[in-house]
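Take a look at the structure below.
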Protein chains: 2
Amino acid sequence: MSNREDQVKALANETRIEVLRLLDRPMEHFAHQESADPVETGVCVQMLAEHFGISQPTMSRHIELLKRAGFIRAQRKQKWTYCSRDETALADYANWLKSSLNIRTA
Amino acid sequence: MSNREDQVKALANETRIEVLRLLDRPMEHFAHQESADPVETGVCVQMLAEHFGISQPTMSRHIELLKRAGFIRAQRKQKWTYCSRDETALADYANWLKSSLNIRTA
DNA sequence: TAGTTATATAGCAATTTTGCTAATTGTCAA
DNA sequence: TTGACAATTAGCAAAATTGCTATATAACTA
């Protein structure tokens with residue numbers, strides 16, 4: 001399992017949270033990605049950077065932090081690095097947060 | 001509802017997370033608090049500071065951030081400020097995180 | 001009133017975070 | 001091989017975070 005410290009830090013930033021939202025429904029914003037299917041393969045770093053209007057190196061670091069947290073997987077294919085969510089890690093984190101803090105949800 | 005940015009930031013620190021854990025079971029660590037019942041009234045700032053071995057002003061700021069996030073309530077009684085969890089806010093946050101990121105837990 | 005205790009606020013320093021540009025690496029196409 | 005594009009890495013600056021001490025405020029006690 002991933003480092004919890006990395007995970008809480010990874011979610012302490014609005015851009016990274018939004019990346020995770022975007023990667024849940026890639027077709028809504030990245031249907032025009034032609035090099036690979038956004039759903040099957042993932043979304044490349046440059047596209048994410050463009051979406052937020054931030055530089056590609058800055059997005060690359062956000063991705064690195066999300067990878068370290070285990071929340072996304074990134075696979076290199078030819079020139080591109082395709083990012084996709086790791087649903088297992090996200091579910092594990094949500095479960096950990098709830099039980100670790102003993103949060104009683106409705 | 002509380003500011004989500006304040007909430008994610010509030011949880012991005014191990015001390016603050018641990019404060020929330022401690023306040024869930026106050027008797028385990030603060031049974032010796034004599035000025036008020038830890039469960040009924042809450043735990044005072046100085047006790048929390050001592051528990052972590054950090055200064056009182058530093059703990060005071062951690063508490064301020066947790067209050068801003070809505071995760072704890074603090075009531076002044078005589079000399080003391082007693083802190084207790086806001087279970088509703090914590091549950092709301094956990095639900096928001098899950099649904100906002102569309103996390104499918106087991 | 002003077003001293004003690006609990007808290008909050010102000011101000012500072014060290015560290016971390018977050019953005020950028022520049023430079024490097026890797027892949028592909030002429 | 002050269003040029004392009006995508007990504008990463010390095011290095012820098014601005015901002016935010018986190019700790020501290022000193023000080024102020026509030027409540028109590030002798």
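Below, chains carry the letters A, B, ... as their sequence lines are ordered, and counting in each starts from 1.
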For this session: Supply the members, apart from B:Leu65, of the Ile/Leu/Val/Met/Phe/Trp/Tyr cluster built from side-chain contacts under 4.5 Å; use none for a lone residue.
Result: none

Exercise. Considering residues at least two apart in sequence or located in another chain, which fulfil the side-chain contact (heavy atoms from CB on, under 4.5 Å) criterion with B:Arg73?
Worked result: B:Ser84, B:Asp86

Exercise. What pairs with B:Arg25 under side-chain contact (heavy atoms from CB on, under 4.5 Å), at least two apart in sequence or on another chain?
Worked result: A:Asn102, B:Glu28

For this session: Tell me, please, which residues at least two apart from B:Asn95 pass side-chain contact (heavy atoms from CB on, under 4.5 Å).
Result: A:Thr105

Exercise. Can you pull the ring pair (Phe, Tyr, Trp, His ring centres under 6.0 Å) pairs that have at least one residue in residues 3-27 of chain A, sequence neighbours excluded?
Worked result: none

Problem set entry | B:Asp6 CG - D:dA16 C1' separation (whole Å) | 13 Å

Seminar exercise, completed: Its contact letters, B for base, S for sugar-phosphate only and - for none at protein heavy atoms under 4.0 Å, make nucleotides 20-30 of chain D read BBB----SS--

Acceptor/donor pairs from residues 41-53 of chain B side chains to any protein atom, 3.5 angstrom cut, sequence neighbours excluded:
residue : atom : partner : partner atom : Å
B:Gln46 : NE2  : B:Glu50 : OE2          : 3.0

For this session: For DNA chain C, determine which residues of residues 13-46 of chain A have any heavy atom closer than 4.0 angstrom to one of its atoms, and list them numerically.
Result: A:Asn13, A:Arg16

Problem set entry | Boundaries of the chain A footprint along DNA chain C (any atom under 4.0 Å from a heavy atom) | C:dT17 to C:dC28

For this session: Could you tell me which residues satisfy side-chain contact (heavy atoms from CB on, under 4.5 Å) with B:Glu64, sequence neighbours excluded, listed by chain and number?
Result: B:Lys67, B:Arg68

Problem set entry | side-chain hydrogen bond (donor to acceptor under 3.5 Å, both in side chains) against A:Glu87, all qualifying residues, sequence neighbours excluded | A:Arg85, B:Arg104

Exercise. To the nearest angstrom, how far is A:Met47 atom CE from D:dC5 atom C1'?
Worked result: 13 Å

Problem set entry | A:Lys67 NZ - D:dT9 C1' separation (whole Å) | 12 Å

Exercise. Do the non-hydrogen side-chain atoms of A:Gln33 and A:Tyr82 ever get within less than 4.5 Å of each other?
Worked result: yes

Exercise. Given atom CD of A:Glu64 and atom C1' of D:dA6, what is their separation to the nearest angstrom?
Worked result: 16 Å

Exercise. Is B:Glu14 salt-bridged to B:Arg21, cutoff N-O under 4.0 Å?
Worked result: yes

Exercise. Over how many whole Å does the gap from A:Tyr82 atom OH to D:dA6 atom P extend?
Worked result: 10 Å

Problem set entry | Set of side-chain hydrogen bond (donor to acceptor under 3.5 Å, both in side chains) partners for B:Thr15, sequence neighbours left out | none

